[in-house]
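Have a look at the structure below, then the notes.
These figures come from a predicted structure and were not determined experimentally.
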Amino acid sequence: MKLSMPLVYAGNPRASADQVVALEKAGLDTIWVAEPYGFDAPTLMGYLAAKTETVEIGAGILNVYSRTPGALLQTAAGLDNVSGGRAVLGLGASGPQVIEGFHGLPYDRPLTRTREVIEVLRMGLRGERLDYQGKTVQVPLPEEQGLGLGKPLKLLNRPERADLPIWVAALGDKNVAMTAEVADGWLPFLYYPEKAQEVWGDALARGAAKRSADLRPLEISAGGMAAIGEGPETKALLDFMRPLYALYVGGMGARDKNFYNQLACEYGFEKEAKEIQDLYLSGKKKEAEALVPLEWLEAGNLVGPASYVQERIAAFRESGVTNLSVAPASPDGAAAAATIATLKEWVS
């Protein structure tokens, strides 16, 4: 099992990026760089490539709308080159609030868009000319559109790897099935290992049945906060995750279009999901946070005595996770590196 973590930053991502060198030395295998509507991820990924030597540098995630497939190809191939073959391209549909609200683009046919973008990317990474006429992606642009002068082109530079890993962030049944069919890796969120098979097992199996033999087995990256220690003060750290869970379950999307609220219901927390959403959307965020089930927090994170954290690692592994993603609870760089070093021993 590999060990990864999201690049956690508040205000100045460069300061957090500078800590990755120590985390790499401690044994970190992959760093994930997010791009919701803050600084762009590729700039930080290039910065990390220059400062590190072995850690994989993953986009976690780039949305499939705001960059054309050609631009995503250029970005992925360029990052893979400057990192010496260490780039991982995480893709996802994001959500209508970001795509329509921040980028001003219609949130149209997300599953089809994701699949078609991946097909064009793989075409380009193989060094082929981009000639693709799909439902959401057309390259070149059809003659009846624009000036009618477009022709198939291929990337000028030779990609570092034709099989650069492409991961997809997915939660819904059809999206997870598509991911299991065409992607190299899957990025679930707010993951509950013991309930993963119940929620996603059928979708993963449907996708795997259609998976090309040319693809490696699907990888899965999931995890949560990591804190190793005895006593109630360690367990109390789980409360720091309550605002995140409440934000996604209660406030990430409209009342009838919230993927994370639906996930909570599928985990069996229907009552809590409705109450959290009602409170959050009415501005009572603290009350919403208090209703996040402790059971979910404990299962989805790695917080407690060493023996308990090792049990949680085993649960993630048994559920199919191949890349344990953790966020050390301590903001101190040395303490975070020490946590990574300990976890690296346990996942190896």
Side-chain angles (χ1 to χ4, degrees), residues 30-35 39-94 99 103 105 109-143 145-169 178-179 181-185 187 211-216 219:
T30 312
I31 186 79
W32 297 105
V33 183
E35 185 188 81
F39 292 154
D40 73 297
T43 297
L44 288 171
M45 293 171 73
Y47 181 76
L48 287 168
K51 296 180 71 66
T52 57
E53 297 179 356
T54 61
V55 69
E56 292 179 326
I57 304 168
I61 59 163
L62 301 182
N63 76 74
V64 294
Y65 290 99
S66 61
R67 294 177 179 86
T68 66
L72 284 169
L73 171 63
Q74 291 176 302
T75 296
L79 286 168
D80 208 36
N81 176 266
V82 298
S83 65
R86 293 185 283 131
V88 178
L89 183 63
L91 298 175
S94 186
I99 302 306
H103 294 290
L105 297 168
R109 308 180 80 165
L111 270 69
T112 302
R113 176 75 179 183
T114 303
R115 180 188 288 272
E116 292 185 349
V117 165
I118 291 173
E119 290 174 353
V120 173
L121 283 168
R122 291 235 168 91
M123 184 184 295
L125 289 169
R126 291 192 298 265
E128 300 172 10
R129 295 183 184 277
L130 301 188
D131 192 353
Y132 186 94
Q133 296 301 312
K135 296 177 181 178
T136 68
V137 174
Q138 295 89 36
V139 284
L141 201 63
E143 288 186 4
Q145 298 182 34
L147 298 177
L149 300 176
K151 61 180 181 179
L153 299 172
K154 66 178 180 179
L155 196 66
L156 284 173
N157 310 89
R158 182 176 180 178
E160 192 82 9
R161 294 178 293 171
D163 60 349
L164 185 156
I166 299 175
W167 291 54
V168 174
M178 184 270 296
T179 299
E181 178 186 350
V182 305
D184 295 293
L187 293 162
R211 191 174 179 84
S212 169
D214 294 334
L215 293 174
R216 296 181 291 266
E219 293 190 61

Within-4.5 Å side-chain heavy-atom neighbours: [X] and [Y]:
| X | Y | value |
| --- | --- | --- |
| Leu215 | Arg122 | yes |
| Pro42 | Leu62 | yes |
| Leu91 | Leu72 | yes |

Distance-only check: which donor-acceptor pairs under 3.5 Å involve side-chain atoms of residues 45-53, not counting sequence neighbours?
unit_1: Tyr47; atom_1: OH; unit_2: Asp18; atom_2: OD1; d: 2.6
unit_1: Thr52; atom_1: OG1; unit_2: Leu48; atom_2: O; d: 2.6
unit_1: Thr52; atom_1: OG1; unit_2: Arg86; atom_2: NH1; d: 2.9

Any residue meeting side chain to side chain donor-acceptor pair (under 3.5 Å) with [X], in chain and number order, not counting sequence neighbours:
| X | answer |
| --- | --- |
| Thr68 | none |
| Ser66 | Asn63 |
| Thr54 | Glu24 |
| Arg211 | none |

With [X] via side chain to side chain contact (heavy atoms under 4.5 Å, CB included) - residues at least two apart:
| X | answer |
| --- | --- |
| Ala169 | Ile61, Leu187 |
| Glu160 | Asp80, Asn81 |
| Pro152 | Arg129, Asp131, Pro140 |
| Leu111 | Lys174, Asn175 |

Looking at every non-hydrogen atom in both residues, tell me the closest pair between [X] and [Y] and how far apart they are.
| X | Y | value |
| --- | --- | --- |
| Ala183 | Val168 | CB-CG2, 3.8 Å |
| Ala34 | Ala41 | O-CB, 3.8 Å |
| Ala76 | Leu164 | O-CD1, 3.4 Å |
| Val64 | Arg113 | O-NE, 2.7 Å |
| Thr179 | Gly185 | CG2-O, 3.7 Å |
| Ile57 | Ser83 | CD1-CB, 4.4 Å |

### Message
Under the rule for salt bridge (charged side-chain N to carboxylate O under 4.0 Å, His left out), what residues qualify as partners of Asp163, not counting sequence neighbours?
### Response
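Per chain and number, Asp163 pairs via salt bridge (charged side-chain N to carboxylate O under 4.0 Å, His left out) with Arg216.
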### Counterpart residues, salt bridge (charged side-chain N to carboxylate O under 4.0 Å, His left out), relative to Glu219 (two or more places apart)
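Once residues adjacent in sequence are excluded, Glu219 has no partner under the salt bridge (charged side-chain N to carboxylate O under 4.0 Å, His left out) criterion.
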### Polar side-chain atom of Glu116 near backbone of Gly134 as donor-acceptor pair, under 3.5 Å
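Not at all, since once roles are kept as given, no pair shorter than 3.5 Å links the two residues.
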### Task
Keeping the roles fixed (side chain from Asp184, backbone from Ile166), state whether a donor-acceptor pair exists under 3.5 Å.
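Judged by distance alone, yes, a pair lies under 3.5 Å.
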From [atom1] ([X]) to [atom2] ([Y]), nearest 0.5 Å:
| X | Y | atom1 | atom2 | value |
| --- | --- | --- | --- | --- |
| Leu141 | Gln133 | CG | CD | 8.0 Å |
| Leu121 | Arg126 | CG | CZ | 10.5 Å |
| Leu105 | Tyr65 | CG | OH | 9.5 Å |

### Glu143 atom CD, over 12 foreign heavy atoms within 6.0 Å
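Incorrect, the count does not exceed 12.
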### Task
Return each pair, listed once, that meets salt bridge (Lys or Arg N to Asp or Glu O under 4.0 Å) where at least one residue sits in residues 60-75; pairs must be two or more places apart or across chains.
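For residues 60-75, and leaving out neighbouring residues, the salt bridge (Lys or Arg N to Asp or Glu O under 4.0 Å) pairs sorted by first residue read Glu35-Arg67.
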### Query
Where do Glu119 and Met123 land on the side-chain contact (heavy atoms from CB on, under 4.5 Å) test, with the steps shown first?
CA-CA 6 Å; Glu119 290 174 353; Met123 184 184 295; over 6 Å; no
#### Entry: Worked verdict on Arg161 versus Leu125 for side-chain contact (heavy atoms from CB on, under 4.5 Å)
CA-CA 7 Å; Arg161 294 178 293 171; Leu125 289 169; over 6 Å; no
